[in-house]
Amino acid sequence: MQSTLPGSDGLHVALIMDGNGRWATGRGLPRTAGHRAGVESIRRVCEAAPDLGVRALTLYAFSADNWRRPAEEVAFLMRLLRRYLEAEAARLADSGVRLVVIGRRDRLPEGLPEAIAAAEAATAAGTRLLLRIAIDYSARDAILAAAASAPRSREEMTGLLAGAAGDVDLLVRTSGEKRLSDFLLWECAYAELAFVDTPWPDFDGAALAACLDDFRRRDRRFGGLKAA
Ligand code: FPP
């Protein structure tokens with residue numbers, strides 16, 4: 001089994017997990033059923049990622065603008081996040097995954113910040129995959145907060161924003177939408193973008209592998225010229 005360490009070889013993949021609601025309503029189910037199915041996709045993708053050469057995964061679970069959704073859906077998502085962290089931390093730790101949550105914590109419901117801290121502590125020794133989950137996250141707000149500590153170089157700014165994950169190599173958005181929605185705007189400066197039609201609850205390791213195959217065929221020049 002291939003082992004990857006944050007900071008060593010391996011890719012940072014960011015995922016905008018879109019389409020849960022449409023997946024559910026298309027089946028005559030409540031939108032919440034789509035979010036529940038989306039958690040299964042997260043499990044599949046995390047299991048597959050390290051062997052596909054991914055060392056860091058950043059998942060967009062709840063944006064700072066998602067508070068605008070109906071209160072019942074927001075409450076359901078918050079409960080789902082807490083349950084995921086409480087139920088999954090031990091399994092993630094056993095499989096060498098280090099979990100880190102990015103975003104604001106001061107507006108989260110009671111119990112969730114504690115569940116986040118406990119899951120981060122339980123998985124702190126993981127070196128096989130860095131799994132970052134963005135909750136109440138806004139890239140613009142994160143950039144403003146990092147800039148307040150006056151970084152003196154691009155590298156310092158990247159360190160403040162991304163830590164061990166570093167710049168994003170590949171950003172994937174599911175379910176056909178083609179936008180960034182205030183996600184990792186600094187870290188995606190040179191990310192390759194992939195927009196796939198698959199709704200998030202149908203996304204799995206094979207779908208991630210297909211995105212990575214396409215990514216590896218691309219010519220990344222970072223503003224330079226193609227190698228002779
Ligand atoms: C976007 O689909 C999805 C979300 C806003 C929530 C993502 C949450 C999960 C996948 C589950 C919880 C996460 C974790 C980490 C346990 P949408 O609701 O916007 O779908 P739509 O565009 O079809 O309406």
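Counting starts at 1 for both ligands and their atoms, following the listed order.
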K.L.:
State whether the shortest distance between N or O atoms of Gly21 and N or O atoms of ligand 1 falls below 3.5 angstrom.
P.N.:
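In this structure, Gly21 places an N or O atom under 3.5 Å from an N or O of ligand 1.
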
K.L.:
Where is the tightest heavy-atom contact between Pro30 and Ala24, given as atom of each residue plus distance?
P.N.:
O-CB, 3.2 Å

K.L.:
With heavy atoms of Met17 as the reference, note each atom of ligand 1 found under 4.0 Å away.
P.N.:
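Listed by number with element, the hits are 1 (C), 2 (O), 3 (C), 10 (C).
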
K.L.:
Near Leu81, which atoms of ligand 1 are under 4.0 Å from a heavy atom of that residue?
P.N.:
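Ligand 1 atoms under the 4.0 Å threshold to Leu81: 13 (C), 14 (C), 15 (C), 16 (C).
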
K.L.:
Is it true that atom CZ of Arg107 has more than 12 heavy atoms of other residues, nucleotides or ligands lying nearer than 6.0 Å?
P.N.:
yes

K.L.:
Counting heavy atoms only, which part of Leu59 comes closer than 4.0 Å to ligand 1: side chain, backbone, both or neither?
P.N.:
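Near ligand 1, Leu59 shows nothing, with every heavy atom at 4.0 Å or more.
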
K.L.:
Hydrophobic cluster membership, with links at side-chain heavy-atom distances under 4.5 Å among I/L/V/M/F/W/Y: are Leu171 and Ile143 in one?
P.N.:
yes

K.L.:
Tell me the protein heavy atom at minimum distance from atom 6 (C) of ligand 1, and give that distance in Å.
P.N.:
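It is Ala61 O, 3.3 Å.
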
K.L.:
Identify the protein heavy atom lying closest to atom 12 (C) of ligand 1, giving its residue, its atom name and the separation to 0.1 Å.
P.N.:
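Ranked first by proximity to atom 12 (C) of ligand 1 is Leu80 CD2, 3.9 Å.
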
K.L.:
Please tell me whether Thr158 and Trp186 have a donor and an acceptor in their side chains that are separated by less than 3.5 angstrom.
P.N.:
yes

K.L.:
Which bit of Arg69 gets closer than 4.0 Å to ligand 1, counting heavy atoms only: side chain, backbone, both or neither?
P.N.:
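It is the side chain that touches ligand 1; the backbone stays farther off.
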
K.L.:
In ligand 1, which numbered atoms sit nearer than 4.0 Å to a non-hydrogen atom of Ile42?
P.N.:
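Per the distance check, 13 (C), 14 (C), 15 (C).
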
K.L.:
For atom 11 (C) of ligand 1, grab the closest protein heavy atom and report residue, atom and distance to one decimal in Å.
P.N.:
His35 O, 3.6 Å

K.L.:
From Ile133 CD1 over to Leu81 CG, what is the distance, rounded to the nearest 0.5 angstrom?
P.N.:
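Rounded to the nearest 0.5 Å, the CD1-CG separation comes to 7.5 Å.
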
K.L.:
Any nitrogen or oxygen of Tyr84, main chain or side chain, under 3.5 Å from a nitrogen or oxygen of ligand 1?
P.N.:
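The answer is no, given that Tyr84 and ligand 1 share no N or O pair closer than 3.5 Å.
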
K.L.:
Is any side-chain heavy atom of Arg173 closer than 4.5 Å to a side-chain heavy atom of Ser181?
P.N.:
yes

K.L.:
May I ask you to check whether over 12 heavy atoms, not counting those of Arg154, lie within 6.0 Å of atom CZ?
P.N.:
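No, CZ of Arg154 has 12 or fewer neighbouring heavy atoms, counting only those of other groups under 6.0 Å.
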
K.L.:
What protein heavy atom sits nearest atom 9 (C) of ligand 1, and how far off is it?
P.N.:
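The closest one turns out to be Asn20 ND2, 3.7 Å.
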
K.L.:
Of all the heavy atoms in Arg31, does at least one lie under 4.0 Å from an atom in ligand 1?
P.N.:
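For ligand 1, residue contact (heavy atoms, under 4.0 Å) with Arg31 is present.
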
K.L.:
Is Leu160 reachable from Val101 through a run of hydrophobic residues whose side-chain heavy atoms are each under 4.5 Å from the next?
P.N.:
no

K.L.:
What protein heavy atom lies closest to atom 21 (P) of ligand 1? Include the residue and the distance to one decimal.
P.N.:
Arg22 NE, 3.6 Å

K.L.:
Taking everything shown except Glu47 itself, do over 12 heavy atoms lie less than 6.0 Å from its CD?
P.N.:
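Result for CD/Glu47: open.
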
